[in-house]
Amino acid sequence: MNVEELKHELKKIFGEQVVFNKEFDDLAKVIKNIDTNLISWCLELKDNKIVPAKPPLLPGHFVFVKKIGSSNRCIIIKITNGVFTEIHLGDHKYYDLLRQKLGLKENSRMY
């Protein structure tokens, strides 16, 4: 499955409002079996079978994180009313930075 087909499948699952980060296309091309791994995981998210994280810096939002491959991560952000809004693919560094921005990384919280 190519990147555009993958995005189309993800939009079928979550809706046309979903946006992808700029690294998504490049990483989706190189991660092995991303289509089957990501799509099956996203279907479980949609069916509320996976417990989300609740980022303290984004009240009312849910975040789901999945490790894909050896060093890549997928992060999906969901608003409380059931609307999935963003899908991010990134390496471990990007993942850590995004977790800091969301307040999900312990040393990023302000006390």
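None of the values given here were measured: they were computed from a predicted structure. Residue numbers count from 1 along this sequence.
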> Measuring from D91:CG to L27:CG, what's the distance to the nearest 0.5 Å?
Replying inline: 7.0 Å
> So how far is it from H92 NE2 to L97 CG, rounded to the nearest 0.5 Å?
Replying inline: 10.0 Å
>> Using the side-chain contact (heavy atoms from CB on, under 4.5 Å) definition, which of the options L104, V65, I87, L89 pairs with I75?
In response: V65
>> Using side chain to side chain contact (heavy atoms under 4.5 Å, CB included), reason through T85 and V18 one step at a time and then give a plain yes or no.
In response: CA-CA 5 Å; T85 56; V18 170; over 6 Å; no
> Does Q17 have any side-chain contact (heavy atoms from CB on, under 4.5 Å) partners at least two apart in sequence or in another chain, and if so, which?
Replying inline: V83
>> Among residues at least two apart in sequence or on other chains, which ones pass side-chain contact (heavy atoms from CB on, under 4.5 Å) with E4?
In response: N2, K7, D25
> How many angstroms lie between CG in L38 and CG in L10, if you round to the nearest 0.5 Å?
Replying inline: 5.0 Å
> Partners of Y94 by side chain to side chain donor-acceptor pair (under 3.5 Å), sequence neighbours excluded?
Replying inline: N21, H88
> CD1/I13 to SG/C42 distance, rounded to the nearest 0.5 angstrom?
Replying inline: 5.5 Å
> How would you list all residue pairs meeting salt bridge (Lys or Arg N to Asp or Glu O under 4.0 Å) that involve residues 39-68, not counting sequence neighbours?
Replying inline: none
>> The criterion is ring pair (Phe, Tyr, Trp, His ring centres under 6.0 Å); which residues satisfy it with F24, sequence neighbours excluded?
In response: F20
> Can you list every pair that meets salt bridge (Lys or Arg N to Asp or Glu O under 4.0 Å) and has a residue in residues 9-20, with sequence neighbours left out?
Replying inline: E9-K12
> Any Lys/Arg nitrogen of R99 or D96 sitting under 4.0 Å from an Asp/Glu carboxylate oxygen of the other?
Replying inline: yes
>> Show the nearest heavy-atom pair for residues G103 and P56, with the distance to one decimal.
In response: O-CG, 3.2 Å
> With sequence neighbours left out, which residue pairs that include part of residues 27-36 fulfil the side chain to side chain donor-acceptor pair (under 3.5 Å) condition?
Replying inline: none
> Which pairs pass ring pair (Phe, Tyr, Trp, His ring centres under 6.0 Å) with one or both residues in residues 34-58, sequence neighbours excluded?
Replying inline: none
>> Using the ring pair (Phe, Tyr, Trp, His ring centres under 6.0 Å) criterion, which residues pair with H8? Sequence neighbours excluded.
In response: none
> Could you give the distance from CD1 (I34) to SG (C74), rounded to the nearest 0.5 Å?
Replying inline: 7.0 Å
>> So, using side-chain contact (heavy atoms from CB on, under 4.5 Å) as the criterion, who are the partners of V19 when residues are at least two apart?
In response: E86
> Where is the tightest heavy-atom contact between L102 and P55, given as atom of each residue plus distance?
Replying inline: O-CB, 3.2 Å
> Taking atom CZ of F84 and atom CZ of F64, what is their separation to the nearest 0.5 Å?
Replying inline: 5.0 Å
